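When a ligand or atom number is given, it counts from 1 through the structure's own listing order. Everything quoted here is computed from the prediction, not taken from an experiment.
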Amino acid sequence: MSSSSAAQQPGSFVLAQPLNGECAIPGDKSISHRSLMLGALAIGETIVSGMLEGEDVIGTANAMRALGAEIERDDKGLWHVWGRGIGGLIEPEQVLDMGNAGTGVRLIMGICAGYPMTVFFTGDGSLRKRPMGRIAKPLENMGARFISRDGYRLPMGMVGAKKPMPQTYELPVPSAQVKSAVLFAGLMAPGTTTVLETEHSRDHSERMLRFFGADVQAEQDNKHLHVRLQGQPTLKAANIVVPGDPSSAAFPVVAATICPGSDVLVKGVGLNPLRTGLFDTLIEMGADLTFVNEREEGGEPVADVRVRHAELRGVEVPPGRAPSMIDEYPILSVAASVAQGKTTMHGLAELRVKESDRLAAMARGLAASGVKVEEGEEHLVVHGGEGSVTGGATVQTELDHRLAMSFLILGLVAKAPVTIDDVAPIRTSFPNFLDLMANLGATLR
Ligand code: S3P
């Protein structure tokens, strides 16, 4: 069921003491989705540990079951996926309701595009507003057909290609979701499917496809990264260890950075270099982050991050950094609100088509909390400094989990509480967020 139908639960954070202690971060959302999808396309049993059990990922598990995979969670928290092999999926009998999950719906559209079957997709009020043309167009090139609401919005029906064709596709927007959908569709096509990207987006699909035995090569020329997949591989079941999600770690990391006296160890944070833009930016701003116990888990770099409070200064965040921190601008804006001086974030066009128009929603919520902001078409300027967050506002989070967590954390440094209209959307990506923050010292009122 989509979270839009539940009654709203407003809340605000109260800081009892400086944030202190250790916390373990839930599994990476991007990797969790992909482990279920590729597990379902592999032959044999894939076992996944560290799976994010948020609503978005549960939605993907249900969708892959409807497409014929057998998926079970055991009482130790391991997820078992018995795949059907490339070409083995079946037409779902029901509409696939993907809830709030852009990654879920877009990647599954890619998977289904190469099957001669009809699949219907929908989602919650947020997902139904988001553009799906960016996915439908390259999948149409391969032979799939779509019928949708105006502007390629959900609900949508798709008739997959009888004879999927490989293609070379240049991404018009830097998007790992589009790249992944094209590659996943290419699994059913003969020959080489190539995606060209000018700005590098997260490469979890490429890494995991290789891990399951597919031939995926990446080669950089003077303009593009060429990602090439050889179609119709045999994917072999593999055991996946999901690292902690750096996009979730971002919340306690920023909270400890901005609350005086704090000292927190955030354990098991995935540090794929295409995901670490926020940490780079915080360090430039003067944050005190130490990466300890660096290791590799399931083919991804991982470390524990020790965070101590630090005084921050405003910085310029270049547009080229956007793909590596695309989900972190809401929480970076919170850090910028207490940083001395001006922080300018460039290259934010994609924020307008996330779970909400995050650029507009951040600007509105910060301004309502007393922070001086300037919103441009593709940039945001935050004027920060001590005492700049007066608070006292109720912020609309528009079914957007990252806005909800960001504004709760803004309240930790506000003179009067910052209340969010609804804490429920947090469950989509970080189901234990409120308990984890309470253990560190921030409780929900
Ligand atoms: C994701 C890619 C990003 C990100 C989303 C997860 C993924 O979206 O915002 O939360 O798992 O591929 P885009 O690729 O559309 O930028």
- Which residue owns the protein heavy atom closest to atom 14 (O) of ligand 1, what's the atom, and how far is it? Ala176 N, 2.7 Å

- Could you state the interatomic distance from CG (Leu348) to NE2 (His379), rounded to the nearest 0.5 Å? 8.5 Å

- Nearest candidate to atom 6 (C) of ligand 1, where distance is taken over non-hydrogen atoms, out of Val353, Asp203, Thr103: Thr103

- Note on the structure: re atom 4 (C) of ligand 1, the protein heavy-atom contact at minimum distance is Asp327 OD2, 3.3 Å

- Can a donor-acceptor pair be found between the side chains of Ser148 and Arg153 at a distance below 3.5 Å? no

- Message: On a heavy-atom basis, I'd like to know which of His204, His33, Arg34 is closest to atom 7 (C) of ligand 1.
- Response: Arg34

- Query: Looking only at protein heavy atoms, which one is nearest to atom 15 (O) of ligand 1, and how far off is it?
  - Reply: Ser175 OG, 3.0 Å

- Which atom of Cys259 lies closest to which atom of Val413, heavy atoms considered: SG-CG1, 4.5 Å

- Residue selection (non-hydrogen contact nearest atom 3 (C) of ligand 1) among Glu350, Arg106, Lys354: Lys354

- Item | Glu294, CD atom: more than 12 neighbouring heavy atoms under 6.0 Å | yes

- Ion pair Arg352/Glu350, N-O distance below 4.0 Å: no

- Give yes or no for whether the N/O distance cutoff of 3.5 Å, strictly under, is met between Ser30 and ligand 1. yes

- Task: Return the minimal non-hydrogen interatomic distance between Ala181 and Arg106, and the atom names on each side.
- Result: CB-O, 3.6 Å

